[in-house]
Amino acid sequence: MNNPTSLPTVSVDHLDPKEFIIIKNAKVNNLKNLSVAIPRNKLVVVTGLSGSGKSSLAFDTLFAEGQRMYVESLSSYARQFLGRMEKPDVEYIKGVSPAIAIQQKVTTKNPRSTVGTTTEIYDYLKLLFSRIGRTISPVSGEEVRHHTVTDVVDFIQGFEEGEKVMISCPLHIASGRNVKQELELLLQKGFTRILIDGDAYFVEDMVHAPSLPKGNLEILIDRISIVPGDEDNQFRTADSVQTAFFEGHGECTVTVPDKVRKTFSDRFELDGMSFEIPSVNFFSFNNPYGACKRCEGFGNVLGIDPDLVFPDKSLSIYEGAIAPWRGESSSKWLEPLVKKGIYFDFPIHRAYEELEDWHRDLLWTGNQYFQGLNDFFADLETKTHKIQYRVMLSRFRGRTTCPDCRGTRLRKDASYVKISGKSITDLVLLPIEKCLNFFRQLELSETDQKVANRLLKEILNRLEYIEKVGLGYLTLNRLTSTLSGGEYQRIKLATSLGSALVGSMYILDEPSIGLHPRDTDRLIEVLKSLRDLGNTVIVVEHEEKIMKAADQIIDIGPEAGVKGGNLIFQGDLKDMLVEANTFTAKYLRGEEKIQDKRSNRKWRQYIEVKGARENNLKNLTVRFPLQALTVVTGVSGSGKSTLIKKVLYPALGKTLGTVIDETGRFDKLEGDYKKITQVEFVDQNPIGKSSRSNPVTYVKAYDAIRTLYSEQTLAKQRGYKPAFFSFNVDGGRCEACQGEGTVTVEMQFMADIHLTCESCKGKRFKNEILDIKYHDKDISEVLDMTIDEALEFFNGKTQITGRLQALQEVGLGYIGMGQSSNTLSGGEAQRVKLASFLGKGGTKPGDHILFIFDEPTTGLHFHDIRKLLYSINALVDQGHSVIVIEHNTEVIKAADWVIDLGPEGGEKGGHITFEGTPEELMQQEGIYTAKYLRESFVG
């Protein structure tokens with residue numbers, strides 16, 4: 001591309017900060033005195049090549065200043081706990097609103113984190129059920145009530161004026177005492193009368209009487225004459241009722257002689273059962289009080305796994321579907337079922353997968369004709385002193401849903417508390433779209449409505465946002481660790497949007513990650529509604545649809561790294577298509593194309609997965625071509641990640657002995673999978689956990705650089721080995737900072753402070769090591785170069801440039817050689833991994849690696865996608881196979897084979913809607929991907 005001869009210059013001094021967010025002369029990272037005015041209350045997209053400076057502008061400058069200004073506004077006491085936030089390198093920023101950032105983050109692995117807790121909906125549900133929930137007895141279905149002193153006083157005050165009322169309670173005889181001893185104690189407490197079958201007697205007389213009349217004994221607490229409106233009378237009544245509850249162990253009886261007799265109880269009991277009074281902790285599975293006692297709040301237990309008991313669901317009971325009953329000795333458990341099944345209409349010749357639910361339940365519970373699997377395994381448990389039975393039990397054990405809490409992690413009696421017939425466990429197991437309908441149609445009494453009004457508003461607001469971002473198929477009980485990257489991003493988005501602030505500045509980092517074009521349309525509606533509330537929405541994005549929906553586009557460039565950092569266009573889409581001479585504009589106009597033509601490879605060999613049924617997969621059988629580029633697509637939640645990450649990858653890895661991850665449920669692998677010599681899953685996780693990890697070490701280029709420096713004349717004279725030029729081991733590195741270049745000072749109650757090492761001034765090495773030069777550059781200066789600069793510098797040194805070339809080919813020429821891996825985005829980390837394979841691809845004859853990429857276009861501009869596809873095709877041309885989970889229509893167009901899952905997400909997904917070439921897919925009707933692919937070809 002011919003870069004614009006003159007970059008736009010923006011004068012921002014005269015603009016009004018009430019109408020614009022004004023940034024003047026930003027110099028953060030690679031920004032080159034960038035000045036820009038962002039209009040308020042608009043949807044603004046910041047775009048540009050990867051590494052051009054988009055995130056530096058949006059997050060490191062604008063958001064950082066918003067956060068810093070917020071912290072500065074707090075009291076000096078609060079600021080001491082937050083640590084000092086550095087001011088971004090910018091002349092000034094005016095008109096900054098309160099800033100909320102939603103950035104890319106790696107999904108949490110916390111086994112207790114669910115969709116409900118992440119979105120905070122569960123916190124509101126706990127409050128709602130503890131405030132207005134009604135406890136229903138599982139025996140009679142009646143509501144469990146307990147009376148308060150106020151209930152009893154109100155009942156008594158309801159009688160007519162002058163009515164004589166007796167307040168009494170049962171006389172409880174303590175163990176070890178007789179009646180007369182109990183009566184003596186009553187005298188000491190100050191009670192003077194007792195009731196025997198309703199008749200009053202003096203306690204003193206009964207103590208000295210030779211014998212007591214037979215009958216029901218009660219303590220007469222008080223006799224009151226009703227005086228309506230008399231405060232003293234009400235206080236006396238309340239005091240007497242309180243005493244009755246105490247002495248009667250929770251019971252109080254109110255009697256109007258010859259008219260009314262009613263007993264009240266402050267015990268929470270019914271049908272001979274005691275119930276817990278609902279509280280917030282009662283519904284918390286992260287609290288020992290509310291957690292299920294059996295699974296301790298994790299939702300699953302080590303039990304008998306039905307998938308191990310019925311491994312092949314295509315078999316009938318007669319054909320041996322029940323694996324533990326196939327043996328010679330255990331077949332005696334099967335015989336009664338086979339012989340007597342006709343008596344209770346059990347289809348023993350029907351495949352297990354075709355049986356109705358009550359048939360499957362019967363296999364476990366049994367009936368009068370045969371003993372079920374529960375009895376069988378209980379019998380095995382009694383014989384575990386013999387090793388063969390312990391081995392047999394272990395074969396059928398696995399992580400199963402806790403039977404007590406149904407996987408909801410809550411104690412069993414929490415499900416007795418209901419609102420409009422639904423318990424909290426019922427609601428968290430419902431798909432969110434159904435849960436939302438329940439709350440929309442919920443009718444409450446006037447009192448309950450007043451109590452619950454604010455809570456219901458928050459719950460409805462958050463549920464609506466989750467549905468709007470296309471996640472209505474999830475349940476609130478779904479573990480966040482099982483969500484795909486795109487789903488997790490949108491959960492975080494919905495959580496932030498749920499607060500529905502006004503007058504704020506939302507800065508979003510590629511919210512379209514992992515989104516099918518169908519779901520991107522929904523996302524755009526959410527972003528527009530957020531803008532219409534009165535917020536400024538700034539989106540760092542490359543997605544064409546979101547650019548088209550934006551009020552304004554800001555293009556940063558013209559290229560990446562040191563060649564970027566300039567404002568090269570600002571305006572709406574119409575102006576961009578007419579005026580702009582940028583990479584973005586050229587791709588949008590169609591002057592540049594991601595791929596001119598498809599390779600259209602033919603394939604014969606394949607891997608076949610049979611019977612995949614993990615999560616929402618509906619017993620799929622699917623083929624993956626070898627030595628071809630296969631794209632797995634489909635709407636969000638259709639089962640793509642489950643099929644590839646949970647089934648195919650661990651299943652193949654286990655045949656090679658390289659993967660120990662738990663494999664999802666499926667029947668078997670078939671086809672030519674034995675031809676695969678290695679399987680590599682290239683995801684967006686960081687390339688290294690250590691702060692010393694960086695791209696140049698990851699692609700193994702640094703080894704050759706260290707060797708080169710050790711071969712210099714001065715290095716040989718001093719006896720420096722290659723290890724002396726490593727910052728990871730003792731020798732040449734600066735020992736004060738251990739080769740980090742910075743020293744971390746741990747601060748109590750404050751964020752840790754990272755200071756430049758005083759000993760080496762951030763250069764990482766001892767001074768004597770820096771004496772060694774190659775072309776007038778020391779090792780520290782080499783690490784400060786970009787990949788592009790290093791390729792020029794080491795021109796002719798093929799051992800180094802061969803490795804670095806791959807980084808440039810995948811579009812990472814702008815990153816620093818020694819840049820810490822934890823500063824790379826997810827998309828950059830993924831491309832560093834890809835480069836490491838390209839650098840060594842095809843090194844061994846006969847190697848056949850299966851590469852699996854998880855949404856590799858994340859964070860990529862059109863121009864970078866072109867480079868990515870070139871690199872991926874290079875792997876296939878070297879004889880390897882590539883499977884890509886992707887929604888980008890340009891990548892789908894480039895595929896040799898497309899597998900589309902759907903038709904919807906969640907329970908309505910998990911089916912294969914199409915297998916074939918992109919051209920064949922475009923001819924299909926009723927498939928979302930086909931529709932957007934046709935639009936892409938027309939565009």
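Positions are given from 1, in the same order as the sequence printed here.
When side chains are defined from C-beta on, P511 counts as touching V539, because their heavy atoms get closer than 4.5 Å. Contact check for I676 versus I849: no side-chain heavy atoms found under the 4.5 Å cut-off. Proximity of I22 to Y92: side-chain heavy atoms (C-beta onward) are separated by under 4.5 Å at one or more points. Residues M547 and I553 form a side-chain contact, since some pair of their non-hydrogen atoms from C-beta on lies under 4.5 Å apart. In this structure the side chain of V699 reaches within 4.5 angstrom of the side chain of L807, judged on heavy atoms. L812 is not listed as a side-chain neighbour of P695, based on a closest heavy-atom distance of 4.5 Å or more. Between V782 and Y709 there is a side-chain heavy-atom pair separated by less than 4.5 Å. Within the 4.5 Å cutoff, side-chain heavy atoms of L834 are placed close to those of L875.
At a cut-off of 3.5 Å, with distance as the only test, no side-chain donor of E510 or T858 sits close to an acceptor on the other residue. No donor-acceptor contact under 3.5 angstrom links the side chains of T742 and T756, judged on distance only. With no hydrogens or angles considered, a side-chain donor-acceptor pair links T857 and E886 at under 3.5 Å. Counted by atom type alone, D788 and Q808 present one or more donor-acceptor pairs between their side chains at under 3.5 Å. Checked by atom type, the side-chain pair S50/D864 shows a donor-acceptor distance below 3.5 Å.
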Apply side chain to side chain contact (heavy atoms under 4.5 Å, CB included) to the pair F724 and K721, showing each step before the final yes or no. CA-CA 6 Å; F724 279 74; K721 303 289 184 206; 4.1 Å; yes

Could you walk me through whether R866 and E592 pass the side chain to side chain contact (heavy atoms under 4.5 Å, CB included) test, one step at a time? CA-CA 10 Å; R866 181 155 85 176; E592 295 271 0; 3.2 Å; yes

Working for side chain to side chain contact (heavy atoms under 4.5 Å, CB included), residues R831 and L860: CA-CA 10 Å; R831 282 181 290 153; L860 294 195; 3.1 Å; yes

Worked verdict on N694 versus S820 for side chain to side chain contact (heavy atoms under 4.5 Å, CB included): CA-CA 5 Å; N694 56 44; S820 179; 5.9 Å; no

Please lay out, stage by stage, how E65 and Q67 fare under the test side-chain hydrogen bond (donor to acceptor under 3.5 Å, both in side chains). CA-CA 5 Å; E65 179 66 1; Q67 287 293 84; over 6 Å; no

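Of all non-hydrogen atoms in I507 and F63, the two that sit nearest each other are CD1-CB, 3.6 Å. What you find for I21 and G95 is that their closest heavy atoms are CG1-O, 3.4 Å. Residues P88 and T61 approach most closely at CG-O, 3.6 Å, considering heavy atoms. Between S759 and A736, the closest heavy-atom pair is CB-CB, 3.7 Å. Taking both residues in full, the closest heavy atoms of I538 and V46 are given as CG2-CG2, 3.8 Å, listed atom of the first, atom of the second, then distance. Between C737 and G741, the shortest heavy-atom contact is SG-N, 3.2 Å.
Here the options are F853, F851, Y649, the test is ring pair (Phe, Tyr, Trp, His ring centres under 6.0 Å), and the partner is F681; only Y649 passes.
Of the possible donor and acceptor atoms, none in the side chain of Q738 sits under 3.5 Å from a partner among the backbone N and O of C734. A donor-acceptor pair under 3.5 Å is absent between the side-chain atoms of H542 and the main chain of F862, judged by distance alone. Checked by atom type and distance alone, the side chain of T786 pairs as donor or acceptor with a backbone atom of E789 at under 3.5 Å. Distance alone, capped at 3.5 Å, places no donor-acceptor pair between the S726 side chain and the A723 backbone. A donor-acceptor pair under 3.5 Å is absent between the side-chain atoms of R706 and the main chain of F725, judged by distance alone. T677 places a side-chain N or O within 3.5 Å of a backbone atom of H848 that can act as its donor or acceptor partner.
Note on residues 24-33: pairs passing side chain to side chain donor-acceptor pair (under 3.5 Å), not counting sequence neighbours, are D13-K24, N25-S35, N25-E91, K27-N33, N29-S56, N29-D60.
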List, one per line, each side-chain donor-acceptor pair under 3.5 Å for residues 765-776, sequence neighbours excluded.
{"residue": "K766", "atom": "NZ", "partner": "G731", "partner atom": "O", "Å": "2.9"}
{"residue": "D771", "atom": "OD2", "partner": "R718", "partner atom": "NH1", "Å": "3.3"}
{"residue": "D771", "atom": "OD2", "partner": "R718", "partner atom": "NH2", "Å": "3.3"}

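Note that NZ of K867 is 14.5 Å distant from CD1 of I872, once rounded to the nearest 0.5 Å. In this structure, CG on L15 lies 12.0 Å from CD1 on I38, to the nearest 0.5 angstrom. Separation of atoms NZ (K54) and CG (L31) is listed at 11.0 Å; rounding is to 0.5 Å. Considering CG of D555 and OG1 of T47, their distance stands at 5.5 Å, rounded to 0.5 Å. Between the CD1 atom in I23 and the CD1 atom in I93 there is a gap of 5.0 Å [rounded to 0.5 Å]. In this structure, NE2 on H861 lies 2.5 Å from OG1 on T584, to the nearest 0.5 angstrom.
A cation-pi contact, defined as under 6.0 Å to the ring centre and within 45° of the axis, links R764 to F727.
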